[in-house]
Trainee: 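This is the structure I have questions about; it appears just below.
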Amino acid sequence: MPETLDPSAPRSWRARLQDSAVYRSIVRTPPLDSPRGRAQRAFGNVFLHLYPVRVPRALLRFRSTYRLGFISAVLYAILFITGVYLMFFYTPAVSMAYGDMQQLRSQVGFGQLIRNVHRWGAHLMVLAVVFHLVRVFVHGAYKAPRQFNWVIGVGLLLVTLAYSFTGYLLPWDQLAYWAVTVGSDLVQYAPGVGGWLRNFLLGGSTIGQSALLRFYVIHVAVLTMAFFLLMAVHLWRVRKDGLAVGDADHAHDVTERALDVARRAATTTVGVGVAPIVPADAHWLNDGRRVLGVVDTEEGPGHVRNPDDEVFAWPHLLIRHQVVALVVCAVVLGMGILWEAPLRELANPNLTPEPAKAPWYFVGLQELLAHFDPLVAGVLAPAMLVLGLVVLPYADRNPSRRAEHRRVGLTLFWILFGALAVLTVIGALFRGPGWAFVLPWEHLYFEP
Amino acid sequence: MSPTRREMLEAGWKVGSGLLVAAAGWTTFEALKPLANVSGGGLLPLLAPEAYPEGSATFVREGRFFVTRAKGELFAVSQKCPHLGCAVPFCEGSGRFECPCHGSVYNLAGEWISGPAPRGMDKHPLQIAEGRVIVNTAVLEQGAPLGSRQFDTDARGGSCAPAAEG
């Protein structure tokens with residue numbers, strides 16, 4: 001805001017607008033020439049409230065987080081908006097759905113582009129969320145006090161997969177019908193309740209009208225509610241637990257190490273959903289000496305801020321996020337212009353196309369199914385994987401976040417991740433009709 | 001000692017909330033459980049038995065099953081693969097059912113020969129009345145367990161799918 005010293009000088013229309021009572025009732029703009037004013041600008045704004053007023057300087061480096069969580073959120077926003085567009089032209093009825101897709105393609109302005117962007121955005125979001133998980137694991141950012149937020153994140157991964165899977169059925173073409181047939185029949189192998197659970201999900205024993213409607217309602221309403229609930233907690237916990245990036249660099253300075261000792265001694269209960277309880281006197285070491293110069297922060301237990309190494313989130317972090325968001329939009333839009341989302345023939349329950357593959361992120365499971373008993377490959381393996389992810393931050397008692405202290409954990413993680421990736425690549429690219437091995441450069445059977 | 005007013009109220013809101021959650025769960029379950037008549041089906045009269053010669057598999061679109069004859073007996077074999085629900089086509093070349101999804105192979109009677117399926121193909125009860133084949137599509141009997149084959153016939157020729165592993 002330009003300041004003029006001479007009160008009689010003519011003032012710009014902008015300055016007069018910003019001085020008006022109406023404007024000041026909407027936007028409260030403290031002067032930006034002091035740290036206090038800048039801080040007020042941030043926490044006086046409901047949207048900027050998602051960000052801390054100040055963030056660790058290290059966060060400005062792209063490689064601190066690769067912005068993967070933010071990229072996932074941007075992709076979700078793109079999917080939300082394009083999804084609302086699609087809802088205007090889509091009827092969740094077996095007799096209508098496929099015709100609506102064709103109409104969207106041929107008659108609705110930019111209809112095909114919006115569908116393409118929704119499709120590619122969905123695939124990218126699965127990737128971004130998975131890479132976000134990998135990044136958080138590798139940086140050890142799931143360790144105390146952030147264990148519970150990791151669990152919330154696993155929930156968000158499952159919601160993302162459920163979004164993608166339910167959305168897959170909606171075009172009601174051969175690809176949709178058979179991918180979902182194979183995917184939902186996996187549930188049947190859950191011991192005891194499998195068959196019942198599958199019928200409950202589909203609203204009958206076969207994929208028909210009730211399954212389409214159920215998937216649609218779950219896709220647009222149920223998962224959206226779940227997503228916003230989990231995201232609210234996820235972001236809230238990021239704020240309250242503090243940014244892991246901020247304490248990574250000085251986790252091993254003397255104060256931190258002393259605090260770690262005190263914390264471990266004082267931690268009474270660690271259970272699912274409960275952060276370590278640090279009593280108010282946590283600054284007393286076991287031998288009676290007191291750690292000086294450390295005060296409890298509002299960030300919750302275990303997080304120590306370093307105010308000398310912080311910058312204002314607005315504008316330093318926001319401008320970076322804005323650039324990332326623009327790049328993500330450009331990439332998704334470019335993909336939507338370059339590649340069409342597939343639409344095969346109308347779903348035909350009597351004819352399985354060859355090969356019938358699940359969506360790519362489940363194709364690793366399908367590959368596993370070709371080698372092992374369905375109960376093991378279709379139910380136990382994915383259940384163990386999810387359970388393992390949930391339990392991981394509580395089972396991992398090693399407080400260090402440094403790679404050289406976590407050789408075993410990191411090695412196990414990369415082996416597991418590599419195995420999943422190999423299974424997925426084989427299933428997606430190297431399998432043809434009858435699930436026979438086919439070299440992708442000879443014939444590619446891959447439907448995105 | 002009888003509970004105090006405060007204790008009653010404290011227990012009351014917890015019990016009340018619990019009941020509300022239980023009611024919501026019950027409502028959701030009752031509303032969303034599959035309708036009983038969704039699978040439907042009933043007695044479906046077909047052609048005379050002579051229309052289904054030995055070694056043939058005739059697809060019946062209305063009921064999504066095949067009428068087959070192996071070693072003189074008639075079967076109504078459901079098209080749905082017991083492995084993961086793919087529609088299994090009949091391969092005229094080999095005279096067998098060959099699933100395109102994961103390569104399970106069954107004989108004309110729907111009995112399991114190879115592949116990852118957990119059992120043979122499911123069947124509908126079939127009877128002959130008034131000179132016609134009648135299939136009860138309301139009932140689906142689970143396929144025979146692995147390795148119990150009574151109606152095996154030799155493969156006629158080459159398989160329809162390229163060499164499938166597992």
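Here is how names work: the chains are called A, B, and so on, in the same order as the sequence lines, proteins then strands, and each is numbered from 1. Computed from a predicted model, the values in this text were never measured in an experiment. The basis for the numbers below is simple: all heavy atoms, side chains too, and nothing from hydrogens, waters or symmetry mates.
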Trainee: Does atom CD of B:Glu130 have more than 12 heavy-atom neighbours from other groups under 6.0 Å away?
Mentor: no
Trainee: Strictly less than 4.5 Å between heavy atoms, which residues of residues 53-75 of chain B line up against chain A? Please order them by number.
Mentor: B:Phe59, B:Arg61, B:Arg64
Trainee: Taking the six-membered ring for Trp, are A:His219 and A:Tyr163 parallel (under 30°), tilted (30 to 60°) or perpendicular (over 60°)?
Mentor: perpendicular
Trainee: If I measure from the heavy atoms of chain B, does A:Gln366 come under 4.5 Å with its side chain, its backbone, both, or neither?
Mentor: both
Trainee: Could you tell me which portion of A:Phe372 (side chain, backbone, both or neither) has an atom closer than 4.5 angstrom to a non-hydrogen atom of chain B?
Mentor: neither
Trainee: To the nearest 0.5 Å, how far apart are OG1 in B:Thr27 and CG in B:Leu32?
Mentor: 10.0 Å
Trainee: Between B:Cys101, B:Cys81, B:Pro118, who has the most heavy-atom pairs with chain A when the cutoff is under 4.5 Å?
Mentor: B:Cys101
Trainee: Flag the one option from A:Tyr177, A:Phe200, A:Trp196 with the top tally of heavy-atom pairs under 4.5 Å to chain B.
Mentor: A:Phe200
Trainee: What's the separation between atom OH in A:Tyr361 and atom CG in A:Leu420, rounded to the nearest 0.5 Å?
Mentor: 15.0 Å
Trainee: Check whether A:Tyr168 forms a cation-pi arrangement with A:Arg119 (NZ or CZ under 6.0 Å from the six-membered ring centre, at most 45° off the ring normal).
Mentor: yes
Trainee: To the nearest 0.5 Å, how far apart are CE in B:Met121 and NZ in B:Lys80?
Mentor: 11.5 Å
Trainee: Is A:Leu186 in contact with chain B via its backbone, its side chain, both, or neither, using a 4.5 Å heavy-atom distance?
Mentor: both
Trainee: State the CD1-CZ distance between A:Ile207 and A:Arg214, to the nearest 0.5 angstrom.
Mentor: 13.0 Å
Trainee: Report the distance from atom CH2 of B:Trp112 to atom NE2 of B:His83, rounding to the nearest 0.5 Å.
Mentor: 11.5 Å
